[in-house]
Every structure is written in structure tokens, then in C-alpha cells.
Amino acid sequence: MKILIIEDELKLGQSIKRGLEQEGYAVEHVTNAEDGLNYAQNDDYDLIVLDRMLPNGQDGLELCKQLRSDSWNGPILVLTAMTQTSDKVIGLRSGADDYLAKPFAFDELVARVQALMRRPSKIVGPKISTGNIELDLSTKQVLLKGRIISLTKKEYSLLEYLAHNKNVIVSKDQIVDHVWDFESDILPNTVEVFIRSLRKKLGKSSIETVRGFGYRMAV
């Protein structure tokens, strides 16, 4: 799953980026509203982490409103040092889905990101089941017929994306956009390599190839 961070504090933004990458997410970081809007409009993100106070006196909530008016309907988590109840109310009414006050514990940020990632999906609770495969979105654990399967972080990210879209055919480009960040060095056969690896671990029939279109999680 792919996340965009819009945070002008370079050290904080890069720290969040590294931490979320350790959790298996593809992450990109920009430091101002203009780049944030450009990235959000021209790429496909599953979640945006947005700072409230941006350079040149810009308010992240104005960017939030603009994203919503442009029909960007993914979850937005606002980070801010403005912690009054009235500030939180304004943030949520501006289109934010969650509001986390600075300073914050990274574990709490991860928990909120996980909760927001679950919210748009058509599942109840922190698990996705398809066929004999079950994913626990909180622990990143994958079970095949009740047996724990060991996956690399990138294998898990790819499987989670397919599981979230288990009734949908997704193209290679869509997979790359959601599972890898912009700076990653992606070879033409990278997706096929990871699909092949997942099939070895989960069974040949676990992921269906729809020729000319892409891949679909077998149900």
C-alpha cells in the first residue's frame, strides 16, 4: 500500500517515511503544499499523512479541502501541534479522517494508519480472508489453511494489495504504483518475479493471471 507524506519538517518527514517503510509500506515525502497537491493528483496513493502548518503560511487544511473538492476520496491523517478540541473539529470538518497531535509516539501513528487503511475496504475487522488464505492486517501475519506463511515485506505488501482488491483485476502498473515508491528501481519483470514467489508459497492457484489485463486474487 502506498502513502504520501506532506510534512515540511525534513527530519520528521524522513523519519516517518523510514518507519512506515519498515512496516512494509511504499512511501513518498514532500515538504510543501504545491508538491503535495501535484503528487496526489498525478499518482495513486492509498493514504495521505498531512501536516497542518506548511511553508509560506499555508494551512494543510486548505490543501485537504482542495483534495476533497478534486474528488480525492482516500483517507487523510492530519498531523499538528494545534491540539485544542476546536482545532480537531475544524480539521475533521475540512475533510480529514483522523487528527494526530504532535509530539506523538510512532506506534500510535502506525496504529492509526492501519485503522485508516482498513476503513475504505469492504471488510469488518482487521482480517481479510480469500479462499484458504487469511491476512491479519494488524500483525502482518499470513495464514494458509491455518498455517503461518513467511513472506518478505514486499511480498506481503503485494499480497495485501491484491487481497484488498480480490474481486478486481489489477494491472502491473497499478501494482507498481501501490507497492513501490517513485524512486524504486523497477525492472520490467519485477512484478512477475514477486507473483511467482507468492505462488510458490501460497499455491499456483492463489493468484490468477488475466492475460492482457493483469492479476486477480483467486476467490
Which one of Ile48, Val78, Ile76, Val49 satisfies the side-chain contact (heavy atoms from CB on, under 4.5 Å) criterion with Ile6? Ile48

Would you say Val113 and Val110 make side-chain contact, with heavy atoms under 4.5 Å? no

Walk me through it: do Arg216 and Val170 pass the test side chain to side chain contact (heavy atoms under 4.5 Å, CB included)? CA-CA 6 Å; Arg216 178 170 53 198; Val170 293; over 6 Å; no

Flag, side chain of Glu7 to backbone of Glu9, donor-acceptor distance under 3.5 Å: yes

Could you pull out the closest heavy-atom pair between Leu50 and Gly60, with the gap in Å? CD2-O, 3.1 Å

same_hphob_cluster(Leu47, Val176) at 4.5 Å side-chain heavy-atom cutoff: yes

How many angstroms lie between atom CD1 of Ile175 and atom CG of Leu162, to the nearest 0.5 angstrom? 5.0 Å

Single-linkage hydrophobic cluster Leu77~Ile90, side-chain heavy atoms < 4.5 angstrom: no

Just by distance, no angles: are the side chains of Gln58 and Glu34 close enough, under 3.5 Å, to form a donor-acceptor pair? yes

Return the minimal non-hydrogen interatomic distance between Asp8 and Met53, and the atom names on each side. OD1-O, 3.3 Å

Roughly how far, to the nearest 0.5 Å, is the NZ atom of Lys166 from the CD1 atom of Ile207? 14.0 Å

Kindly confirm or rule out a cation-pi arrangement of Lys2 over Tyr45, judged by NZ or CZ under 6.0 Å from the six-membered ring centre and within 45° of its axis? yes

If you measure from OG on Ser206 to CG on Leu159, what distance do you get to the nearest 0.5 Å? 8.0 Å

Kindly indicate whether the side chain of His164, heavy atoms from C-beta on, has any atom under 4.5 Å from the side chain of Met1. yes

Heavy atoms, side chains only, cut-off 4.5 Å: are Asp177 and Tyr161 in contact? no

Heavy-atom side-chain contact between Leu37 and Leu63 under 4.5 Å: yes

Which heavy atom in Arg112 sits nearest to a heavy atom in Tyr99, and how many Å separate them? NH1-O, 3.7 Å

Answer yes if Ile5 and Phe104 sit in the same cluster of Ile, Leu, Val, Met, Phe, Trp and Tyr residues linked by side chain heavy atoms under 4.5 Å apart, and no otherwise. yes

Charged N to carboxylate O below 4.0 Å: is that the case for Lys140 and Glu23? no

Tell me the closest heavy-atom pair linking Asp51 and Leu79, and the distance in Å. OD1-O, 3.1 Å

Is a side-chain N or O of His178 found less than 3.5 angstrom from the main chain of Asp46, in a donor-acceptor match? no

For the backbone of Arg211 and the side chain of Thr209, can you confirm whether one donor and one acceptor N or O come within less than 3.5 Å of each other? no

Leu12 backbone acceptor or donor facing Ser15 side chain under 3.5 Å: no

Does the side chain of Glu160 reach to within under 4.5 Å of the side chain of Leu137, using non-hydrogen atoms? yes

Do other residues, nucleotides or ligands put more than 12 heavy atoms under 6.0 Å from Phe106 CZ? yes

Closer than 3.5 angstrom, by distance alone: can the side chain of Asp43 be matched with the main-chain N or O of Tyr39 as a donor-acceptor pair? no

Does the pair Asp97/Arg68 count as a salt bridge with the N-to-O cut at 4.0 Å? yes

Looking at side-chain heavy atoms only, is the closest gap between Leu144 and Arg147 below 4.5 Å? yes

Would you give the length of the straight line joining atom CG of Asp87 to atom CG of Leu61, rounded to the nearest 0.5 angstrom? 9.0 Å

Can you check whether Tyr25 reaches Met117 side chain to side chain, under 4.5 Å on heavy atoms? yes

State whether the side chain of Asn165 and the backbone N or O of Val168 hold a donor-acceptor pair below 3.5 Å, judged by distance alone. no

Any donor-acceptor N/O pair, Ser197 side chain to Val193 backbone, under 3.5 Å: no

Under a 3.5 Å cutoff, is there a donor and acceptor pairing between the side chains of Asp35 and Asn38? no

Do you know which two heavy atoms are closest between Trp180 and Ala26, and how far apart they sit? C-CB, 3.5 Å

For Gln41 and Asp70, test the side chains for any donor-to-acceptor distance below 3.5 angstrom and give the result as yes or no. yes

Is it true that Glu28 and Lys17 have a side-chain N and a carboxylate O under 4.0 angstrom from each other? no

Would you check if the side chain of Thr130 reaches a backbone N or O of Ile133 as a donor-acceptor pair within less than 3.5 Å? no

Look up atom CG in Leu151 and atom CG in Leu198, then write down how far apart they are to the nearest 0.5 Å. 6.0 Å

Between Lys172 and Thr190 (side chain of the first, backbone of the second, donor and acceptor by atom type, cut-off under 3.5 Å), is there such a pair? no

Closest non-hydrogen atom pair between Cys64 and Ser94, with its separation: SG-O, 3.5 Å

Is Lys153 paired with Glu21 through a side-chain N to carboxylate O contact shorter than 4.0 Å? no

Closer than 3.5 angstrom, by distance alone: can the side chain of Glu62 be matched with the main-chain N or O of Asp59 as a donor-acceptor pair? no

Under 4.0 Å between a side-chain nitrogen and a carboxylate oxygen: does that hold for Arg199 and Glu208? no

Test item: side-chain donor near acceptor, His29 and Gln14, under 3.5 Å: yes

Test item: Val142 and Glu134 side chains (from C-beta on) under 4.5 Å apart, heavy atoms: no

